[in-house]
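I have placed the structure first, in the form of structure tokens, so that the comments after it can refer back to it.
Below, all heavy atoms of this structure are taken into account, side chains as well, without hydrogens, waters or symmetry copies. Just so we're on the same page: letters track the sequence lines, and every chain starts at 1. Note that this is a predicted model, so its numbers are computed, not measured.
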Amino acid sequence: MSTQSGNGQGEYSFSAIEAKWPAVWEELGVFTPADDGSRERRYVLDMFPYPSGDLHMGHAEAFAMGDVVARYWRLKGYDVLHPIGWDSFGLPAENAAIKRNAHPSEWTYANIETQAASFKRYAISADWSRRLHTSDPEYYRWTQWLFLRFYERGLAYRKNSPVNWCPKDLTVLANEQVVNGACERCGTPVTKKSLNQWYFKITDYADRLLEDMDELKGHWPERVLAMQRNWIGRSEGAHVNFAIEAAGDLPARDVTVFTTRPDTLYGATFFVVAADTHLALDLVTAEQHDALMDYREKVKALSDIERQSTEREKTGVFLGRYAVNPLNGEKLPVWAADYVLADYGTGAIMAVPAHDQRDLDFARAFDLPVRTVLDTGEEDPSETGVATAGEGTLINSDELNGLSKAEGIARAIELVEAAGTGEHAVNFRLRDWLLSRQRFWGTPIPIIHCAECGEVPVPDNQLPVTLPDDLRGEALAPKGTSPLASAADWVNTSCPSCGRAATRDTDTMDTFVDSSWYYLRFASPQYTEGPFDTEAVDRWLPVAQYVGGVEHAILHLLYSRFFTKVLKDLGLVNFDEPFTALLNQGQVLNGGKAMSKSLGNGVDLGEQLDKFGVDAVRLTMVFASPPEDDVDWADVSPSGSAKFLARAWRLGQDVASPAGADPAAGDRALRSVTHRTIADSQELLEGRKFNVVIARLMELVNATRKAIDSGVGGADPAVREAAEAVAIILSLFAPYTAEDLWAALGHEPSVAAAAWPAVEQDLLVQATVTAVVQVQGKVRDRLEVPADISEEELKAKALESEHVARTLDGRGIRTVIVRAPKLVNVVPA
RNA sequence: GCCCCAGUAGCCCAAUGGCAGAGGCAGGAGACUUAAAAUCUUCUCAGUGCAGGUUCGAGUCCUGUCUGGGGCACCA
């Protein structure tokens with residue numbers, strides 16, 4: 001590459017161009033929204049980064065996508081909010097601090113500066129004045145404030161429960177952070193621990209989280225919606241009460257089960273409760289007590305992964321009691337087993353072995369009866385060992401006999417409701433969000449524990465509860481309790497309610513709490529009267545386009561949706577969904593695999609930028625494939641992108657007409673290409689087909705080159721018009737090159753402040769078109785016809801065609817389909 | 001087991017139900033050059049995973065199926 005300067009004559013040099021523009025952009029302030037109401041507002045946001053080292057290829061892709069949208073909207077005349085910030089609390093900072101005997105803030109803020117510099121080099125058109133960091137006390141003050149509002153409404157609460165525990169990170173994890181039984185962060189198999197932990201009551205919002213997905217349909221990727229639907233896991237059925245008969249000195253009592261198949265009530269032949277529950281202990285008779293205790297010990301020893309294996313033999317213990325079927329009074333033996341889950345439904349089931357595979361496996365293991373109550377036309381489950389769960393006709397079911405499955409379900413619910421022993425019920429798989437963490441570098445939970453008053457919220461005017469800054473290195477090491485517990489000065493305080501000595505809650509919040517509301521803070525990042533200025537939020541939100549990886553399909557996106565709904569109920573926002581549209585960019589792979597240290601296939605972003613330039617890397621990211629597809633860096637060609645950029649840039653040197661030359665006098669053929677490209681690009685951008693826009697842009701550059709070299713020549717004003725269109729469209733993807741081209745064409749900076757070119761409709765219309773003549777759908781002839789030819793005329797012309805006559809070979813014509821001016825299809829008799 | 005997404009040229013990818021190819025990569029040839037690089041010009045390559053169906057006409061819509069990717073899963 002030459003080192004000659006960018007603008008003006010000479011060779012294309014990305015390094016010269018990159019050196020030139022950042023200062024200009026900064027001075028012009030083109031990326032700061034006016035927010036004065038003169039233009040329609042639009043908010044585009046990339047998921048903010050975690051500051052682990054420098055930016056990587058994944059950031060480069062995601063932010064290139066978001067920037068295309070931001071820049072396009074700006075050119076289209078919108079007032080665009082495109083902010084940037086950092087999700088700066090989290091474990092890696094703490095681990096680095098332990099290793100270096102430092103404070104996590106040192107590592108965190110140093111990395112933020114590195115990333116900020118890289119973002120500036122990468123020419124993200126962000127409004128830097130709105131920058132925020134979730135680890136700043138000015139930010140987490142409001143995270144705490146929001147926690148307290150949740151607390152007041154009973155949406156933040158503490159409970160003792162078996163929780164997911166990562167034995168490596170020595171902290172608890174939310175269900176969402178356990179992947180295949182392992183810690184999503186470090187991959188260590190998760191164990192269960194019984195602890196008193198803080199939860200957000202997201203389950204109260206399960207229905208709304210599910211229903212409101214209707215308004216996201218078509219704007220969010222279907223697979224993300226599917227994942228959330230799966231995660232929420234709504235199932236419809238019935239709660240049915242079974243009376244458990246008294247036994248010895250144990251009194252009779254009711255136990256409720258949840259079932260999706262109340263139609264099979266007559267097929268229930270036994271009853272199972274989760275072994276690891278109080279219920280099991282309460283129910284077991286004295287004779288069976290030791291057997292149950294032995295069994296519980298064995299279950300405890302199993303890891304989650306072992307326990308969840310569907311291959312495993314069914315195990316269980318008879319509890320010595322009998323449940324009574326509310327429909328027919330039949331006595332069902334009550335068992336405890338680990339295939340029934342303590343925390344789903346009611347922790348107890350009615351077992352219908354004929355029509356549920358798990359129950360059937362259990363029945364066969366313990367020689368329990370199997371009764372078929374639904375005739376599906378399949379073989380008898382008790383013979384085959386295969387439960388029949390499909391459609392069929394109810395049998396052996398008294399008043400339900402003859403009904404279909406659906407009718408049976410409805411009728412059975414009516415029966416139990418009439419008898420007062422059950423009701424229609426909906427059950428969710430979603431669990432409450434466990435938000436407390438036994439780690440240091442997070443938002444402290446603003447609660448004080450007082451021996452007299454119990455849990456006492458820290459008063460709003462005492463927020464933020466800041467982290468102590470005197471803990472370093474080993475003092476931060478995970479010990480299974482929060483490192484904050486060892487900061488005596490910090491922990492010991494007085495009760496805000498009674499003034500007596502009390503202690504602070506020493507857990508910190510899951511960092512997903514911080515990121516559940518940052519998009520709101522961006523509307524008024526310096527606001528000091530609350531988490532956000534509600535008027536600013538009304539002006540800018542919801543986010544019109546959110547961009548980020550599919551790895552947050554459930555975690556961050558579900559949590560943020562939940563927060564938004566709670567905030568709506570609190571009257572702080574007036575919308576239900578925070579992100580109107582979502583774009584999931586694909587991953588950047590190398591050689592078909594995700595880049596990773598262990599595979600040694602990582603590609604360093606900085607090296608790529610040094611080698612090919614920012615614009616070439618950005619262009620490659622966007623051109624490689626549709627935004628949502630993965631980009632395999634081994635399959636793409638940043639050098640090809642660089643070549644194209646140079647080719648586009650050189651157009652600026654060959655335009656020989658003065659700025660402001662009237663394009664109307666220019667070559668019509670080239671003008672048509674230009675205006676068609678503008679029109680198509682617009683449509684493609686609205687449909688987020690960014691890769692295709694670049695293909696179109698390449699065509700325009702090729703056509704312009706040809707016009708200069710072997711056509712009308714560089715002095716034709718159509719060439720200028722084309723080059724200007726190139727600069728503007730290119731600015732979405734390659735801002736440096738586009739800016740330099742724009743300047744070479746004699747325009748003031750910045751191309752970012754230019755307007756999207758208006759399309760002249762009459763240039764899109766071609767005088768003549770090629771009409772295709774088909775016989776029975778096969779092309780037999782082509783005709784040059786006027787674009788405005790009538791159907792009759794076109795039909796007549798087509799029927800004159802020799803090729804058609806030859807193909808018809810004397811056969812008559814049944815019908816002729818005419819789509820003027822492009823197609824005629826002759827259908828023979 | 002249930003659900004979602006995707007299969008088009010050697011590769012990445014285009015194609016409002018209407019001529020399968022827009023663009024790029026790779027490859028071949030030529031021009032310029034003492035030569036090379038760069039640049040410019042040009043060429044080659046598939047009938048759309050498979051089987052049916054709807055239609056005048058299917059890569060596109062429907063059904064089934066295979067393959068790949070992803071999510072949920074002893075969830076009653």
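- Remark: C1' of B:C72 and CD1 of A:Ile554 are 8 Å apart, rounded to the nearest angstrom.
- A:Ser639 comes within 4.0 angstrom of nothing in the nucleic acid, heavy atoms only.
- The nucleotide whose nearest atom lies closest to any side-chain atom of A:Gln774 is, among B:A14, B:G24, B:G18, B:G18.
- As rounded to whole Å, 14 Å separates atom C1' of B:U16 from atom CG of A:Leu823.
- Nucleotide B:C19 forms no Watson-Crick or G-U wobble pair with any nucleotide shown, as no partner meets the under 3.5 Å limit on both distances.
- Going from atom CD1 of A:Ile708 over to atom P of B:C40 covers 11 Å, rounded to whole Å.
- Here, B:U41 and B:G23 have their P atoms 12 Å apart, quoted to the whole Å.
- The one candidate from A:Ser639, A:Ser641, A:Ser637 that meets the side-chain hydrogen bond (donor to acceptor under 3.5 Å, both in side chains) condition with A:Thr620 is A:Ser641.
- An OP1 or OP2 oxygen of B:G24 is reached within less than 4.0 angstrom by no side-chain nitrogen or oxygen of A:Asn691.
- A donor-acceptor distance shorter than 3.5 angstrom exists from the side chain of A:Thr277 to the backbone of A:Ala274, with no hydrogens or angles considered.
- When the P atom of B:U55 is taken as reference, atom CZ of A:Arg814 falls 11 Å away, rounded to whole Å.
- Distance from the side chain of A:Asn230 is smallest for B:C72 among the nucleotides B:U41, B:C72, B:C75.
- The CZ atom of A:Phe271 sits 17 Å away from the P atom of B:A76 (whole-angstrom rounding).
- Nucleotides B:C75 and B:U65 place their C1' atoms 30 Å apart, quoted to the nearest Å.
- In terms of phosphate contacts, A:Arg705 brings no side-chain nitrogen or oxygen within less than 4.0 Å of OP1 or OP2 of B:U39.
- When rounded to the nearest whole Å, the span between CD1 of A:Ile232 and C1' of B:G71 equals 13 Å.
- B:G1 sits 38 Å from B:A9 when the C1' atoms are compared, rounded to a whole Å.
- If you take atom P in B:C43 and the same atom in B:U48, they sit 25 Å apart, rounded to whole Å.
- The 5' end of RNA chain B is approached more closely, in terms of each residue's nearest nucleotide, by A:Val224 than by the other of A:Val224 and A:Ala646.
- The distance from atom CZ of A:Arg229 to atom P of B:C75 is 20 Å, rounded to the nearest whole Å.
- Two residues, A:Gly640 and A:Val636, neighbour RNA chain B, and the one matched to the more 5' nucleotide by heavy-atom proximity is A:Val636.
- For B:G23, the OP1/OP2 oxygens have no side-chain nitrogen or oxygen of A:Arg696 closer than 4.0 Å.
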*asked:* Apply side-chain contact (heavy atoms from CB on, under 4.5 Å) to residues A:Asp632 and A:Val636 and explain how you reach the verdict.
replied: CA-CA 7 Å; A:Asp632 193 329; A:Val636 297; over 6 Å; no
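- With a cut-off of 3.5 Å on both Watson-Crick or G-U wobble distances, the partner of B:U33 is given as none.
- With B:A76, B:C72, B:A22 as the candidates, the nucleotide lying closest to the side chain of A:Leu341 is B:A76.
- B:U60 and B:G68: their P atoms are spaced 22 Å apart (whole Å).
- Between A:Arg647 and the phosphate of B:C40, there is a side-chain N or O to OP1/OP2 separation shorter than 4.0 Å.
- Using N1 to N3 plus N6-O4 or O6-N4 for Watson-Crick, or N1-O2 and O6-N3 for G-U wobble, each under 3.5 Å, B:A58 pairs with nothing.
- Using modelled atom types, no side-chain atom of A:Asp254 and backbone atom of A:Asn241 make a donor-acceptor pair closer than 3.5 Å.
- Rounded to whole angstrom, the span from the CG atom of A:Leu684 across to the P atom of B:U16 amounts to 10 Å.
- In a base pair of the Watson-Crick type (N1 to N3 plus N6-O4 or O6-N4) or a G-U wobble (N1-O2 and O6-N3), with each distance short of 3.5 Å, B:G7 is matched with B:C66.
- The glycosidic torsion of B:G47 lies within 90° of 0, placing the base in the syn range.
- Using a 4.0 Å heavy-atom distance criterion, A:Ser637 is classed as a sugar-phosphate-only contact.
- Using modelled atom types, one side-chain atom of A:Asp432 and one backbone atom of A:Thr203 make a donor-acceptor pair closer than 3.5 Å.
- Relative to the side chain of A:Tyr339, the nucleotides B:G18, B:C19, B:C74 differ in distance, and B:C74 lies closest.
- Using a 4.0 Å heavy-atom cutoff across all strands shown, A:Val772 reaches at least one base atom of the nucleic acid.
- Residue A:Lys706 places no side-chain N or O under 4.0 Å from the OP1 or OP2 atom of B:C40.
- Residue A:Lys314 has its side chain nearest to B:C74 when only B:C74, B:C4, B:A22 are considered.
- Picking from B:G71, B:C25, B:A76 the nucleotide with the shortest atom distance to the side chain of A:Met227 gives B:G71.
- Nucleic acid contact for A:Pro626: sugar-phosphate only, since backbone atoms but no base atoms lie under 4.0 Å from a heavy atom of the residue.
- Distance check on atom P: B:C13 versus B:C25 gives 16 Å, rounded to whole Å.
- Taking the six-membered ring where the residue is Trp, A:Tyr559 and A:Trp433 present parallel rings, their angle staying beneath 30° rather than reaching 60°.
- At a cut-off of 3.5 angstrom, counting only N and O atoms as typed in the model, there is no donor on one side facing an acceptor on the other between the side-chain of A:Arg234 and the base of B:C75.
- Residue A:Ala226 is in sugar-phosphate contact alone, with no base atom involved, counting any heavy-atom pair closer than 4.0 Å across all strands shown.
- When both distances must be under 3.5 Å, the Watson-Crick or G-U wobble mate of B:G1 is B:C72.
- Under 3.5 Å, the side chain of A:Lys822 and the base of B:C19 form no donor-acceptor pair of N or O atoms.
- Proximity of the aromatic rings of A:Phe362 and A:Phe270 is defined here by a centroid distance below 6.0 angstrom, and this criterion is met.
- Taking only side-chain nitrogens and oxygens, A:Asn702 never comes nearer than 4.0 Å to OP1 or OP2 of B:A22.
- Heavy atoms of A:Arg358 sit under 4.0 angstrom from at least one base atom.
- Remark: side-chain polar atoms of A:Asn325 are paired, donor with acceptor, to backbone N or O of A:Leu265 under 3.5 angstrom.
- Among B:U39, B:G18, B:A76, the nucleotide with an atom closest to any side-chain atom of A:Lys643 is B:U39.
- Across A:Thr264, A:Thr388, A:Asp263, a single residue satisfies side-chain hydrogen bond (donor to acceptor under 3.5 Å, both in side chains) together with A:His355, and that is A:Thr388.
- Comparing the C1' positions of B:A20 and B:A14 gives a spacing of 10 Å, expressed to the nearest Å.
- Across the strands present, B:U42 finds its partner in B:G28; the criterion is a Watson-Crick or G-U wobble pair with both atom distances under 3.5 angstrom.
- For the C1' atoms, the distance linking B:U55 with B:C66 amounts to 26 Å, nearest Å.
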